[in-house]
Amino acid sequence: DWSSDVCSSDLTPTYLAPEIAMGTSVTPATDIYSTGVVAYQMLTGRPPYRADSPIAVVMKHIHDPVPLLGPEVRAPEGLKRLIGEMLSKDPAARPADADALLERLESVGVATRGVGGGPPPIPREAELDASKAARQEAPTLDRSEEHTSELQSPMYLVCRLLLEKK
């Protein structure tokens, strides 16, 4: 039963792309949709769709028009339009993947220099406070390909860009 799958603890209806709810194929554009939900929520303080039950939220993702980001939302108009595209019901109308999203962010004037080129730099031990360095090792980050892919995900990139704007 798809409704029990969609509303399970493994999936969050708030961020669910329509194609997942409909049981159709999942593509990188599916992640773009979820990233659009996060971006919308970061700009407005609330997700685009709210309802009294998880299944009602899912139905809104499938059927309701995308709520517009109005003039009360302080963000460039191009970014507002891009978030609307990211939330398109049709995956083909969204940026196809993280690279396409980065290009679109740049085209609307959101600086993406230094984003997507890998994980953030690891602090050097010399940059750490001497007493802290004496008490603990410098933080490390697994830079293997399987771990860096999550740092290049659309959601990571958009969240990082939006937080840098604040």
Side-chain angles (χ1 to χ4, degrees), residues 2-3 6-7 10-123 141 145 147-166:
W2 74 270
S3 63
V6 165
C7 296
D10 294 342
L11 297 172
T12 305
T14 301
Y15 305 97
L16 197 69
E19 58 270 23
I20 292 175
M22 301 285 290
T24 60
S25 59
V26 174
T27 68
T30 303
D31 288 338
I32 300 297
Y33 183 91
S34 299
T35 303
V37 173
V38 171
Y40 185 101
Q41 188 168 359
M42 290 177 77
L43 290 177
T44 65
R46 59 182 165 63
Y49 302 110
R50 295 182 288 179
D52 293 335
S53 70
I55 197 68
V57 172
V58 169
M59 296 309 288
K60 287 177 177 261
H61 280 288
I62 295 170
H63 299 292
D64 286 9
V66 176
L68 298 177
L69 292 167
E72 71 284 357
V73 176
R74 294 179 48 180
E77 290 302 316
L79 180 59
K80 291 180 191 180
R81 281 190 303 278
L82 176 56
I83 291 170
E85 290 172 27
M86 293 167 70
L87 293 172
S88 173
K89 306 295 181 203
D90 177 8
R94 300 178 206 141
D97 55 26
D99 290 333
L101 178 58
L102 283 174
E103 287 176 20
R104 292 282 289 125
L105 284 165
E106 288 173 352
S107 77
V108 299
V110 177
T112 60
R113 242 176 298 114
V115 176
I122 298 171
L141 183 60
E145 190 162 318
H147 288 89
T148 58
S149 64
E150 65 196 36
L151 295 173
Q152 295 175 9
S153 73
M155 191 155 317
Y156 171 81
L157 299 175
V158 169
C159 290
R160 183 169 161 194
L161 288 167
L162 289 173
L163 289 172
E164 287 174 359
K165 287 287 193 189
K166 292 196 176 240

Q | Residue pairs involving residues 53-75 (criterion salt bridge (Lys or Arg N to Asp or Glu O under 4.0 Å); sequence neighbours excluded) | A | Lys60-Asp64
Spatial distance of atom [atom1] ([X]) from atom [atom2] ([Y]) [nearest 0.5 Å]:
X: Leu82; Y: Leu101; atom1: CG; atom2: CG; value: 6.0 Å
X: Met42; Y: Thr35; atom1: CE; atom2: OG1; value: 11.0 Å
X: Leu68; Y: Leu87; atom1: CG; atom2: CG; value: 11.0 Å

If I compare all heavy atoms of [X] with all of [Y], which pair ends up nearest, and what's the gap?
X: Ala21; Y: Leu16; answer: CB-CD2, 4.0 Å
X: Ala96; Y: Pro28; answer: O-CB, 3.4 Å
X: Lys89; Y: Pro18; answer: CD-CG, 4.1 Å
X: Ala39; Y: Ile83; answer: CB-CD1, 3.8 Å
X: Arg94; Y: Glu85; answer: CG-O, 3.3 Å

Suppose the criterion is ring pair (Phe, Tyr, Trp, His ring centres under 6.0 Å): which pairs have a residue in [range], not counting sequence neighbours?
range: residues 83-104; answer: none
range: residues 51-106; answer: Tyr33-His61, Tyr49-His61
range: residues 79-100; answer: none

[X]: what forms a side chain to side chain contact (heavy atoms under 4.5 Å, CB included) with it, not counting sequence neighbours?
X: Ser107; result: Arg104
X: Ala75; result: Leu43, Val73, Leu79, Lys80
X: Asp90; result: Ser88, Ala92, Ala93
X: Pro47; result: Thr14, Gln41, Arg50

Q: Would you please name every residue forming a side chain to side chain donor-acceptor pair (under 3.5 Å) with Thr30, sequence neighbours left out?
A: Glu19
Q: With sequence neighbours excluded, tell me which residues meet side chain to side chain donor-acceptor pair (under 3.5 Å) with Arg46.
A: Tyr40
